[in-house]
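All remarks here apply to the structure that follows.
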Amino acid sequence: MAASKVRKDLKLAGFVANEEKSKWEPEQTITWLGLCWNSAERDTSITGNRLDKIYEEIEIIRKSNYTVSAPQLASFTGKIISTGAVVGNISRIMTRHCCMSIAAAECWDRPFKLDSYSINEIRFWDENMRKANVKYCFTGSTPKCFAYSDASSTGCGAYTIMNQEFLCHNMCGAKVQHGVNCLR
């Protein structure tokens with residue numbers, strides 16, 4: 001029902017849907033941008049093809065004795081960061097030195113030797129990418145306590161959520177940087 005309405009609305013608006021890329025029937029598993037979204041298992045993972053490309057890039061960097069060009073390092077770093085939907089914020093944290101090396105490169109195309117910090121980041125991904133490949137969604141228990149606060153006159157807000165495993169809080173405002181802290 002909804003799919004036929006969307007099709008009709010698109011046609012009335014002058015758009016032509018690409019039938020090869022369109023999904024008009026509900027699916028529980030889709031692959032999009034190298035990530036597999038599985039609502040039946042309630043998880044997200046990186047496709048095998050995409051993992052292979054990351055490991056190929058690591059092997060090339062390793063074989064070059066960690067001497068790379070800025071575009072080569074940027075390609076590797078982009079591949080890692082783009083997995084953030086699965087591996088989380090660690091994708092940005094454990095590529096910081098690689099990003100700094102890219103920004104500090106004297107010449108975009110001239111190879112340079114990576115520093116020990118960037119090498120450690122690449123080794124981290126070599127050892128941990130497959131381990132971090134699945135993110136389970138909706139697995140936590142329902143929170144038992146919610147606390148919300150809004151101090152509009154000062155421009156600050158906060159919330160606290162507790163359940164059996166986590167206590168999370170978040171504060172944001174003009175003088176407080178946005179951040180989330182969760183304690184087990």
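Within a 6.0 Å radius of OH in Tyr117, other residues, nucleotides and ligands contribute 12 heavy atoms or fewer. Residue Trp32 qualifies as open at atom CH2: its count of foreign heavy atoms under 6.0 Å is 12 or below. Surrounding CZ of Arg92 are at most 12 heavy atoms belonging to other residues, nucleotides or ligands under 6.0 Å away. Counting heavy-atom neighbours within 6.0 Å of Glu106 CD, excluding the residue itself, gives a total of 12 or less. Crowding of Lys113 atom NZ: a count of heavy atoms from other residues, nucleotides or ligands under 6.0 Å exceeding 12.
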Check against side-chain contact (heavy atoms from CB on, under 4.5 Å), Asp109 and Ser69: CA-CA 6 Å; Asp109 293 319; Ser69 65; 5.7 Å; no
Test log, rule side-chain contact (heavy atoms from CB on, under 4.5 Å), inputs Met129 and Thr83: CA-CA 10 Å; Met129 180 55 85; Thr83 66; 4.0 Å; yes
Verdict with supporting geometry, Val87 and Met94, side-chain contact (heavy atoms from CB on, under 4.5 Å): CA-CA 11 Å; Val87 301; Met94 290 304 291; over 6 Å; no
CA sep, side-chain torsions, deciding dist, call: Arg96, Glu121, side-chain contact (heavy atoms from CB on, under 4.5 Å): CA-CA 8 Å; Arg96 298 272 168 152; Glu121 288 178 351; 4.1 Å; yes
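In this structure, Ile46 CD1 and Arg130 CZ are separated by 10.0 Å, a value rounded to the nearest 0.5 Å. Considering SG of Cys98 and CD1 of Ile61, their distance stands at 7.0 Å, rounded to 0.5 Å. The CG atom of Asp52 lies 13.0 Å from the CD atom of Glu57; values are rounded to the nearest 0.5 Å. Distance CG/Leu35 to OG/Ser82: 7.0 Å, rounded to 0.5 Å. Atom CG of residue Asn38 and atom OH of residue Tyr136 lie 10.0 Å apart, to the nearest 0.5 angstrom. The line from NZ of Lys79 to OH of Tyr55 is 14.5 Å long, rounded to the nearest 0.5 Å.
Residues Leu51 and Val134 do not share a hydrophobic cluster, defined by chaining ILVMFWY side chains whose heavy atoms lie under 4.5 Å apart. Hydrophobic clustering (side-chain heavy atoms under 4.5 Å, transitive across Ile, Leu, Val, Met, Phe, Trp, Tyr) keeps Ile81 apart from Leu33. Transitive grouping of hydrophobic side chains (ILVMFWY, heavy atoms separated by less than 4.5 Å) keeps Leu12 and Val16 in distinct clusters.
When all heavy atoms of Ser64 and Val68 are compared, the closest pair comes out as OG-CG1, 4.3 Å. Across all their heavy atoms, Gln72 and Thr67 have their closest contact at OE1-O, 4.3 Å. Minimum interatomic distance between Ser101 and Leu73 (heavy atoms only, all atoms of both residues): CB-CD2, 3.8 Å. What you find for Ala70 and Ile102 is that their closest heavy atoms are O-CG1, 4.1 Å. In terms of heavy atoms, Cys36 sits closest to Thr47 at N-CG2, 4.3 Å. Taking every heavy atom of both residues into account, Thr77 and Cys99 meet most closely at CG2-SG, 3.5 Å.
Between Phe124 and Ile119 the shortest side-chain heavy-atom distance does not fall below 4.5 Å. Considering only heavy atoms from C-beta on, Thr95 comes within 4.5 Å of Trp125 through its side chain.
No side-chain donor-acceptor contact under 3.5 Å links Asp126 to the backbone of Ile122. Under the 3.5 Å distance criterion, the side-chain polar atoms of Thr44 are left unmatched by any main-chain donor or acceptor of Trp37. When atom types are taken as modelled, the side chain of Ser22 and the backbone of Asn18 share a donor-acceptor pair closer than 3.5 angstrom.
Side-chain heavy-atom separations under 4.5 angstrom define the hydrophobic clusters, and the remaining members of the one that includes Phe15 are Val6, Leu10, Trp24.
With respect to Glu56 and Lys53, no salt bridge is recorded, no charged nitrogen being found less than 4.0 Å from a carboxylate O.
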